[in-house]
There are 2 protein chains.
Amino acid sequence: MAVTIKDVARLSGVSISTVSRVINDSKPVSKEVKRKVLEVIEEIGYKPNEIARTLVTKKSYLIGVIVTDLADSYVADMVRGIEEIGKMYNYDILLCSTYGDKEAELKYIQLLNRKQVEGMILISSTIDEEVDKEIDQYDIPFVYLSRYSKSTKYPTVSIDYHFASYEMTKYLISLGHRKIGFVGYLEDEDSTQYEKLNGYIRAMEETGLDPSFIYKTKGLNIHEGYDALDNSVLDHALTALFCSNDKIALGALNYCYDNKINTPEDISVVGFGDIPIASLIRPKLTTIKEPFYDMGAVAIRRIIKDLSKEVSEEKHIKLPYQIQKRDSSKKIELEKYKDKE
Amino acid sequence: MAVTIKDVARLSGVSISTVSRVINDSKPVSKEVKRKVLEVIEEIGYKPNEIARTLVTKKSYLIGVIVTDLADSYVADMVRGIEEIGKMYNYDILLCSTYGDKEAELKYIQLLNRKQVEGMILISSTIDEEVDKEIDQYDIPFVYLSRYSKSTKYPTVSIDYHFASYEMTKYLISLGHRKIGFVGYLEDEDSTQYEKLNGYIRAMEETGLDPSFIYKTKGLNIHEGYDALDNSVLDHALTALFCSNDKIALGALNYCYDNKINTPEDISVVGFGDIPIASLIRPKLTTIKEPFYDMGAVAIRRIIKDLSKEVSEEKHIKLPYQIQKRDSSKKIELEKYKDKE
DNA sequence: TTGAAAGCGCTACCAA
DNA sequence: TTGGTAGCGCTTTCAA
C-alpha cells in the first residue's frame with residue numbers, strides 16, 4: 001500500500017489538515033511545521049493520490065480526446081497541439097481511437113465522461129446527430145475538430161476550406177493553367193471535400209473556365225487518388241490537377257509517374273493539407289498548409305477558457321492557412337500551351 | 001451536479017448497496033428490484049463515477065504512455081497498438097509527450113503515478129539510470145519500448161537489430177554489391193544504431209568485404225541523412241547504401257536525386273523501419289519492417305499480464321521483422337560492376 | 001436477498 | 001495557525 005496523507009501526518013506529528021495545507025499551499029502554516037512536514041514527505045516519498053483529490057475537488061485535470069486514427073499524421077499533429085498546450089495548464093490527455101466507428105465514438109464519449117474528464121475534443125470523420133445528442137447529456141466543454149462542416153451547435157476549429165480552395169485554383173490559373181482537374185472524395189455533401197470542390201468551381205467559373213473535369217475518388221487515401229485517374233487526364237489535355245488532400249495528390253503523382261506523365265513539366269499536381277510527406281517526396285508537393293497543430297492548440301485553449309468560465313469568443317473558429325508553392329506546380333510554357341489548344 | 005448512486009437508490013426505493021450490486025452484477029439481486037433499478041438508471045441517465053470507483057477498488061483502468069513525439073509515425077503506430085489492445089481489456093491511455101526531454105520524462109513518471117495509472121509504457125529515446133531509479137519507486141508494471149538496448153532491469157520489447165542488420169547487409173551482398181556504405185547516427189554506443197552498425201560489419205567481414213564505408217549522421221532525420229553524404233560516395237564507387245533508418249534513407253535518396261545519381265540503377269539505397277512513407281515514395285524503399293504496432297500491442301499485453309499476476313514470460317521480448325524488398329535496391333549488373341572495379 | 005455502515009485518500013469547512 | 005470532521009461517490013464487509 002502506498003503512503004498516504006495519514007502517514008505523513010502521523011510521522012510529522014500534525015493533523016492531516018495541516019499536511020493538506022502544506023502540499024496545497026492553501027492556508028498559512030508555520031515555518032517549522034511546514035519544514036517538518038516537507039521533510040517527512042521527502043523522506044517517505046509521499047505522492048498525493050490524484051484520484052482522491054479529484055473526487056473531492058471535482059477537478060480531474062483530464063481532457064478526453066477522441067480521434068479517428070493516430071496513424072493519420074494530421075491527427076497526430078492535432079493531438080500534439082492539444083497535449084502541449086494542455087500540459088501548460090496541467091491537463092492530461094485521455095486518448096481514444098475510433099477508426100471511424102461511430103458506435104465507438106458514442107461509447108467513448110460515455111466512457112470519458114464516467115472517467116470525469118473536464119472537457120472533450122472530438123477529431124471525427126463525421127459530425128452526426130447521435131453524437132450531438134450524446135454530448136448534450138453532459139455538461140462539459142466540447143470542441144469538434146472535424147473534417148465535416150455541417151453546422152453543429154458545438155464549437156469547431158477549422159480553416160476556410162472553400163476560400164483556400166478558391167485561392168489555390170486561382171493560383172493555378174495565374175500560372176497559366178486553363179484545363180484544371182479536381183480530384184476529391186465527393187461522397188458526403190456535408191464534407192469539407194464539397195467545400196473544396198465549390199471553391200474550385202467558383203474560381204474556375206469566375207475566370208470563364210470549364211469546372212467540369214472532376215475525378216471522384218472512392219476514399220481519401222493514396223491508392224484511391226491513384227485509382228480515380230485514367231486516360232482522360234491526357235485526353236482532355238489537362239495541365240493541372242487540384243487534389244482535395246495530400247494523400248490523394250500523392251496517388252495522383254504516382255499515377256503520373258507510372259504513366260510517364262512528368263510532373264510538373266507535363267502536368268502540375270497540387271494537394272491540400274501539407275502533411276509531412278508533402279515536402280519530402282520529389283517533386284515536393286505544392287499544397288495548402290493546414291495548421292493542424294494550431295487547430296489542436298486552439299481547441300484545447302477554448303476548452304480551458306470555458307472551464308475557467310471566461311466568456312467564450314466566437315463559436316466557429318477559422319484559422320489562417322498558407323499556400324505552399326513547391327515543385328509539383330509550374331508555370332505553363334506558352335508554346336506548349338498553344339500546342340495543346 | 002450529476003446524478004449519483006444515491007439518487008438512483010432513492011428513486012428506486014432501495015439502498016445504495018443494492019444499486020451497486022446491480023450495476024456491478026456482483027451479488028444476487030432479486031429480479032424485480034433489478035428491473036426497477038435498471039429502469040431508474042435508464043430514466044435519469046445515471047453513469048457511475050469512475051473516479052470514486054477507482055478510489056475504493058484501486059483499479060483506475062489507466063495505462064500511462066510516455067512518448068517522445070507523436071509526430072514520428074512509428075511512435076504513433078506503437079501507441080495505436082497499445083491503445084487497441086488496451087481497449088480490449090478496458091484500459092485507457094493517458095498520454096504524455098516528452099520531445100526528448102529527460103526531465104519531462106521523470107516528471108511524467110511521477111505525474112502518471114499520482115494519477116494512479118496501473119502500468120506504464122515508456123517510448124523513449126534513451127534509457128537512463130535516473131529514469132530507472134524513478135520507476136523503482138513505484139510498484140507498477142512497466143515496459144520500455146526504447147530504441148536503446150542498454151541492459152535494463154525492466155522489460156523491453158524490440159527486434160533483434162543486430163541480426164536484422166546483418167541479414168539486410170547479406171541481402172545486398174547477394175545482389176552482387178561489394179562496396180556497401182553504412183549511414184547511421186553513431187553518437188551513443190548503447191543505441192540500437194550501434195547494433196545495426198555491428199550487424200553490417202559482421203556481414204561484411206564474414207564475406208571478406210571492407211566494412212569501413214561509414215557515414216555518420218548528426219541525427220536521425222531526413223536532412224541529416226542528406227547531409228551525411230558527400231562526393232566520396234562516387235569516389236569510392238559505392239553501389240549500395242544501407243541506412244540505419246528510413247528517414248536517413250530518405251535523405252540519402254534525396255541526396256542521390258539531387259546529385260543525379262540514379263536509384264537503384266547507379267546505387268541501391270535501403271533503410272530500416274518501414275515507416276509509411278517508405279512504400280509511398282518512388283522508388284519504393286527497400287527496408288526492414290519493424291513491427292511497431294505489434295511492439296505496442298505486446299508491451300501492453302505484458303503489462304496486463306503482470307497486472308493479473310500471471311507469471312511473466314521472458315523479460316526482453318524480441319519480435320520478428322521482415323525484409324521488404326522493394327524498388328530502391330537492385331541486382332548489380334555484371335558489366336557495370338566490372339567497369340567499376 | 002437486502003441494508004447499514006465503514007472506509008478509500010483527500011479537501012474544506014468550522015471551531016478553537 | 002492548527003485540528004477535528006464531514007463528505008466526495010463508490011465498493012464491500014457484516015449482520016439481518
Side-chain angles (χ1 to χ4, degrees), chain A residues 1-38 40-41 44-62 90 110-111 113-118 138-139, chain B residues 1-38 40-41 44-62 90 110-111 113-118 138-139:
Chain A
M1 181 57 61
V3 299
T4 74
I5 197 171
K6 275 187 192 164
D7 301 310
V8 179
R10 187 165 35 77
L11 262 35
S12 35
V14 297
S15 71
I16 62 167
S17 321
T18 302
V19 176
S20 175
R21 275 164 205 141
V22 351
I23 61 184
N24 292 304
D25 222 10
S26 51
K27 290 241 173 136
V29 173
S30 75
K31 265 223 166 65
E32 315 109 79
V33 172
K34 188 168 183 173
R35 200 187 40 71
K36 177 64 182 166
V37 171
L38 256 14
V40 171
I41 286 176
I44 65 178
Y46 166 71
K47 302 275 183 336
N49 180 328
E50 295 294 335
I51 293 289
R53 237 178 209 177
T54 297
L55 187 58
V56 12
T57 60
K58 305 277 170 250
K59 285 204 67 65
S60 64
Y61 286 101
L62 247 30
N90 292 317
Q110 296 180 16
L111 176 69
N113 270 284
R114 292 201 277 110
K115 296 234 178 196
Q116 310 301 116
V117 297
E118 293 184 46
Y138 309 98
D139 189 33
Chain B
M1 184 56 61
V3 298
T4 74
I5 197 172
K6 276 188 192 164
D7 301 311
V8 178
R10 188 166 33 77
L11 262 35
S12 36
V14 296
S15 72
I16 62 168
S17 322
T18 302
V19 177
S20 173
R21 275 166 204 137
V22 353
I23 59 184
N24 292 305
D25 221 11
S26 51
K27 290 241 173 138
V29 174
S30 74
K31 266 223 166 65
E32 316 109 77
V33 172
K34 189 167 182 172
R35 201 189 36 71
K36 176 64 183 166
V37 171
L38 257 12
V40 171
I41 286 176
I44 65 178
Y46 166 72
K47 302 277 182 334
N49 180 329
E50 295 294 336
I51 293 289
R53 236 177 208 180
T54 297
L55 187 58
V56 13
T57 60
K58 305 278 172 250
K59 286 207 64 66
S60 64
Y61 286 102
L62 247 30
N90 291 317
Q110 297 181 15
L111 176 69
N113 270 284
R114 292 201 274 112
K115 297 235 177 194
Q116 309 301 115
V117 297
E118 293 185 46
Y138 310 98
D139 190 32

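Residue numbers begin at 1 in each chain, while the letters A, B, ... track the order of the sequences. Side chains are part of it too, since the values below use all heavy atoms of this structure and drop only hydrogens, waters and symmetry mates.
Counting non-hydrogen atoms under 4.0 angstrom, Ser30(B) reaches the backbone sugars and phosphates but no base. Within 4.0 Å of Ile16(A), counting heavy atoms only, lies at least one base atom of the nucleic acid.
Atoms CG (Asp25(B)) and C1' (dT11(D)) sit 15 Å apart, rounded to a whole Å. Rounded to an integer number of Å, the gap from Lys115(A) NZ to dC10(D) P is 15 Å. Rounded to whole angstrom, the span from the CG atom of Asn49(B) across to the C1' atom of dT11(D) amounts to 13 Å. The separation between Tyr46(A) atom OH and dG9(C) atom P is 10 Å, rounded to whole Å. When the P atom of dG3(D) is taken as reference, atom CZ of Arg10(A) falls 15 Å away, rounded to whole Å. The distance between atom OH of Tyr61(A) and atom P of dC10(C), rounded to the nearest whole Å, is 16 Å. What separates NZ of Lys59(A) from C1' of dA12(C) is a distance of 17 Å, to the nearest Å. To the nearest angstrom, C1' of dG7(D) lies 9 Å from CG of Leu55(A).
Between the side chains of Ser15(A) and Thr18(A), a donor-acceptor pair is found at a separation under 3.5 Å.
Residue Thr18(A) has a polar side-chain atom (N or O) positioned under 4.0 Å from OP1 or OP2 of dG3(D). For dT11(D), the OP1/OP2 oxygens have no side-chain nitrogen or oxygen of Lys58(B) closer than 4.0 Å. Contact annotation: Ser20(A) does not reach the phosphate of dA12(C) (side-chain N/O to OP1 or OP2, under 4.0 Å). At dG3(D), one or more side-chain N or O atoms of Ser15(A) fall inside 4.0 Å of OP1 or OP2 (strictly under the cut-off).
Between Pro48(A) and Val33(B), the residue whose closest nucleotide on DNA chain C is further toward the 5' end is Val33(B). Residues Lys27(A) and Lys6(B) both approach DNA chain D. Their nearest nucleotides, taken by heavy-atom distance, put Lys27(A) toward the 5′ side.
Among the nucleotides dT1(C), dT2(D), dC10(C), the one closest to the side chain of Pro28(B) is dT1(C). Which of dG9(D), dC10(C), dT2(D) sits closest to the side chain of Ile5(B) comes down to dG9(D). Here the side chain of Ser17(A) is nearest to one of dC8(C), dT2(C), dG4(D), namely dG4(D).
A 6.0 Å sphere centred on NZ of Lys47(A) holds more than 12 heavy atoms belonging to other residues, nucleotides or ligands.
One can find a donor-acceptor pair under 3.5 Å joining the base of dT13(D) and the side-chain atoms of Arg21(B).
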request  = Walk me through it: do Leu62(B) and Gln116(B) pass the test side chain to side chain contact (heavy atoms under 4.5 Å, CB included)?
outcome  = CA-CA 8 Å; Leu62(B) 247 30; Gln116(B) 309 301 115; over 6 Å; no
task = Determine, stepwise, if the pair Arg21(B) / Val33(B) fulfils side chain to side chain contact (heavy atoms under 4.5 Å, CB included).
result = CA-CA 11 Å; Arg21(B) 275 166 204 137; Val33(B) 172; over 6 Å; no
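In this structure, the side chain of Lys115(A) engages the main chain of Tyr61(B) through a donor-acceptor pair within 3.5 Å.
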